[in-house]
Protein chains: 2
Amino acid sequence: MNTRLSERKETILQLIVNSFIQYPEPVGSKTLLQRSGLGVSPATIRSEMNELERLHYITHPHTSAGRLPTDKGYRYYVDHLLGQETSETEKIQARITALKHKIKSIDEFFSTVSNLISDFTSQVGVIVFPVLDELNFRYANLIYLSENKVLVVWATMSGLIKEQIVHLDKAVDPELLQHIANFMNQEFFGMPFHAIKAHMAKRISELERSYNKLATIADQIVSESIAARQERKVWIDGMSHIFAEPEFQEITTIKPLLEAFDQRERIAKVFEHDRTVDGITTTIGEENDTAEFKSCAIVRRNFYITDSLCGTLSVLGPRRMDYAKIFTAVEFVSGFVSNVFKEEKLF
Amino acid sequence: MNTRLSERKETILQLIVNSFIQYPEPVGSKTLLQRSGLGVSPATIRSEMNELERLHYITHPHTSAGRLPTDKGYRYYVDHLLGQETSETEKIQARITALKHKIKSIDEFFSTVSNLISDFTSQVGVIVFPVLDELNFRYANLIYLSENKVLVVWATMSGLIKEQIVHLDKAVDPELLQHIANFMNQEFFGMPFHAIKAHMAKRISELERSYNKLATIADQIVSESIAARQERKVWIDGMSHIFAEPEFQEITTIKPLLEAFDQRERIAKVFEHDRTVDGITTTIGEENDTAEFKSCAIVRRNFYITDSLCGTLSVLGPRRMDYAKIFTAVEFVSGFVSNVFKEEKLF
DNA sequence: TTTAGCACTCTAAATATATGAGTGCCAAGC
DNA sequence: GCTTGGCACTCATATATTTAGAGTGCTAAA
């Protein structure tokens with residue numbers, strides 16, 4: 001399975017993949033020879049191709065067509081045949097540096113970053129930011145809307161703001177709300193949101209005697225807005241790049257993709273990444289669990305907010321992608337984002 | 001120009017538009033006769049059609065094809081021939097009522113509403129919410145990030161939260177920030193954001209002597225985050241409905257649409273509406289200024305936040321739309337949204 | 001092991017043909 | 001003076017036919 005191909009087979013596979021990435025048509029032995037300085041005849045190439053096909057690295061759509069890579073072929077290419085292509089790093093670096101001084105809000109920041117990555121790669125850029133749950137509490141602000149409606153504003157240590165309306169069972173007045181807010185800000189500062197519910201439960205028994213009402217309401221606010229199901233934030237950019245790809249020139253192929261992107265919550269799950277995975281991951285074609293993306297490849301890379309917490313930056317495109325270029329871009333940009341959170345202390 | 005057509009011409013135009021809305025093909029005199037109980041021969045219909053074509057209400061793509069409405073035809077249809085179709089109002093009403101008790105945040109609320117309207121109409125739903133500028137100040141929160149970086153959180157009276165990072169020219173400490181926040185909250189409460197800049201300028205001369213530093217920094221925060229160009233919020237839902245429309249079955253026709261939707265700020269401008277316009281507005285085909293939407297129709301309706309301030313709820317679809325159904329949906333849903341802001345005092 | 005030669009395959013493009021829905025116009029009829 | 005049946009004409013769409021050429025696999029010789 002994991003055996004290495006002969007050197008010439010590797011070269012030919014690499015040439016086929018490169019050719020197919022550049023020109024979206026199956027390539028034949030003769031054309032391949034022309035495009036590379038390979039010192040053998042078409043017939044030789046053909047017999048090697050025959051072998052590669054037998055091993056399922058390449059295939060051809062019909063008898064008289066050229067060869068193109070299979071998922072397995074792409075996989076081998078990505079794992080073994082990808083030369084470091086450092087061509088465009090300066091360009092990326094330049095735009096990233098320019099960005100550094102313009103960060104205005106997390107929302108705008110990620111919106112810009114997803115645009116950046118999509119621009120560099122000419123593919124769809126997706127960023128998934130972790131749920132509130134996994135972030136740390138900075139402060140809460142409670143705004144009186146009516147006697148049983150409160151607008152709750154949560155701020156995280158990393159600068160994310162989340163607001164939410166809570167319908168209370170008991171009536172409140174603005175003064176009591178202020179007390180509750182003070183209480184929360186004292187109690188929860190720096191605490192991860194997921195720990196708050198439990199902390200609240202512990203404190204409530206102690207409090208109930210003296211501050212019955214305060215405790216009950218604070219508890220309801222925590223239950224309904226922190227403990228309730230939270231949505232991850234997702235930024236998607238450059239969906240129209242899909243139209244440039246020759247494999248997506250028919251509505252029947254584009255439609256499912258765009259429909260999938262209409263479902264943000266699902267997209268968040270698909271593009272999220274295990275936080276323990278460091279470095280770039282690629283899933284190619286059938287390796288993707290999501291039906292809609294089985295004709296695509298996804299390149300993912302975590303960026304880090306704290307040591308234990310991360311978001312994911314991804315690129316989605318056709319299997320026929322310039323992986324070298326995309327790897328460089330993803331590596332750089334995700335590194336930049338991690339930096340913003342860690343070393344630069346921008347948030 | 002604004003003259004009324006003869007009754008029979010109106011009937012025929014109406015039949016043509018209705019037929020074309022239901023079946024996306026030009027309709028001929030014979031087919032039209034079959035589909036309607038019109039008591040005249042095809043030849044008669046043909047001569048009437050001829051007349052209607054001479055008056056530019058209908059056209060035909062080639063000699064041997066049936067007729068279809070022009071923009072002018074649709075316009076006449078929308079202005080004069082639209083019967084009240086009250087068929088689905090209960091269904092809409094039901095889903096709206098169910099929604100009322102689940103409002104959690106402005107973001108989620110509009111995300112749900114745009115989904116609702118897109119669902120009812122089977123077209124693209126767009127909601128534009130006014131810029132911060134036009135809303136009223138509730139409170140500001142200043143969070144110390146580093147000695148010259150502040151996270152500013154603005155809350156509006158209507159419950160919208162906006163956060164922004166400001167890079168300060170002068171260094172601050174958390175205590176000073178707290179003073180500035182207190183100052184702002186006292187000074188600006190209830191004031192429309194667009195008035196704050198001027199108010200600040202007026203106060204700064206009085207203050208400068210005693211609170212030099214506070215005033216300078218407060219001024220910078222106001223200038224950089226309130227006075228700076230603000231983005232309207234936009235929610236778009238149901239873009240994949242476009243794929244169901246027969247006039248958008250080729251990538252060349254879909255691509256420009258989706259590319260336009262990638263540019264949020266532009267979309268906001270296109271779908272925004274003059275606040276003085278009350279009631280539904282329709283722009284059909286060439287009536288749309290935006291090049292990308294000249295093959296579409298847009299139905300817009302303002303909803304009201306205060307007497308002088310409003311957002312817009314719109315539906316975008318092909319010219320060949322079921323206007324009656326869409327008018328009903330837009331009317332109901334925008335009415336509901338206005339209600340949420342005004343009478344129900346949810347925010 | 002490599003290669004030239006050759007018969008064979010199959011798509012894609014180009015061309016030809018047929019179908020039929022729809023039109024405009026005219027002369028006859030109510 | 002409308003209305004209508006009849007008829008020649010038009011033109012997009014669908015189907016069938018042909019052609020060109022890129023590419024293959026196989027074989028036999030180097």
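Lettering follows sequence order; numbering is per chain, from 1.
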Q) Between A/Arg4 and A/Tyr76, is any side-chain donor less than 3.5 angstrom from a side-chain acceptor? A) yes
**Q.** A/Ile236 and A/Phe271: CA distance, side-chain angles, deciding distance, side-chain contact (heavy atoms from CB on, under 4.5 Å) verdict
**A.** CA-CA 11 Å; A/Ile236 301 168; A/Phe271 283 86; over 6 Å; no
Q) Under 4.5 Å between any side-chain heavy atoms of B/Glu292 and B/Val270, yes or no? A) no
Q. To the nearest 10 degrees, how far apart in direction are the end axes of the helix from C/dT1-D/dA30 to C/dC30-D/dG1, each fit to five base pairs?
A. 20°
Q | Separation between CD1 of B/Ile298 and CZ of B/Phe293, rounded to the nearest 0.5 Å | A | 6.0 Å
Q) Once you round it to whole Å, what is the distance between P of D/dG25 and CD1 of A/Ile45? A) 13 Å
(Q) Between P on D/dG23 and CD1 on A/Ile58, what's the gap in Å once rounded to a whole number? (A) 14 Å
**Q.** Along DNA chain C, first and last positions that approach a heavy atom of chain A under 4.0 Å
**A.** C/dT2 to C/dT11
Q: Measure from the side-chain N and O atoms of B/Lys91 to the backbone N and O of B/Phe120, and report whether any donor-acceptor pair falls under 3.5 Å.
A: no
Q) Looking across every strand, which nucleic acid part, if any, lies under 4.0 Å from B/Ser47 by heavy atom: base, sugar-phosphate, or nothing? A) nothing
Q.
Quick one about A/Arg266 and A/Thr290 (side-chain donor to acceptor, distance below 3.5 Å, no hydrogens or angles considered), yes or no?
A. no
Q. Under the criterion side-chain contact (heavy atoms from CB on, under 4.5 Å), which of B/Leu81, B/Leu55, B/Ile12 is the partner of B/Leu5?
A. B/Leu55
Q | B/Arg319 bridged to B/Glu247 by N-O distance under 4.0 Å | A | no
Q.
Which residue in the set B/Thr282, B/Leu313, B/Ile117 passes side-chain contact (heavy atoms from CB on, under 4.5 Å) when paired with B/Val299?
A. B/Thr282
Q: Between D/dG25, D/dG5, D/dG6, spot the one nearest the side chain of A/Asn50, thanks.
A: D/dG25
Q: Find the distance B/Arg8:CZ to D/dC2:P and express it as a whole number of Å.
A: 10 Å
Q. For B/Leu33 and D/dT3, what is the distance between atoms CG and C1' respectively, to the nearest whole Å?
A. 13 Å
Q. Expressed in angstrom and rounded to an integer, what is the separation of A/Glu51 atom CD from D/dC26 atom P?
A. 13 Å
Q. Under a 4.0 Å N-O cut-off, is there an ion pair linking A/Glu51 with A/Arg54?
A. yes
Q) Rounded to the Å, how far apart are B/Glu48 CD and D/dC2 C1'? A) 10 Å
Q.
Check whether B/Thr312 reaches the backbone of B/Asn302 with its side chain - one donor and one acceptor, N or O, closer than 3.5 Å.
A. no
(Q) Tell me the interatomic distance from A/Ile16, atom CD1, to D/dG23, atom P, rounded to whole angstroms. (A) 12 Å
Q) When you measure from every atom of DNA chain C, which of residues 60-67 of chain A have a heavy atom less than 4.0 Å away? A) A/His62, A/Thr63, A/Ser64
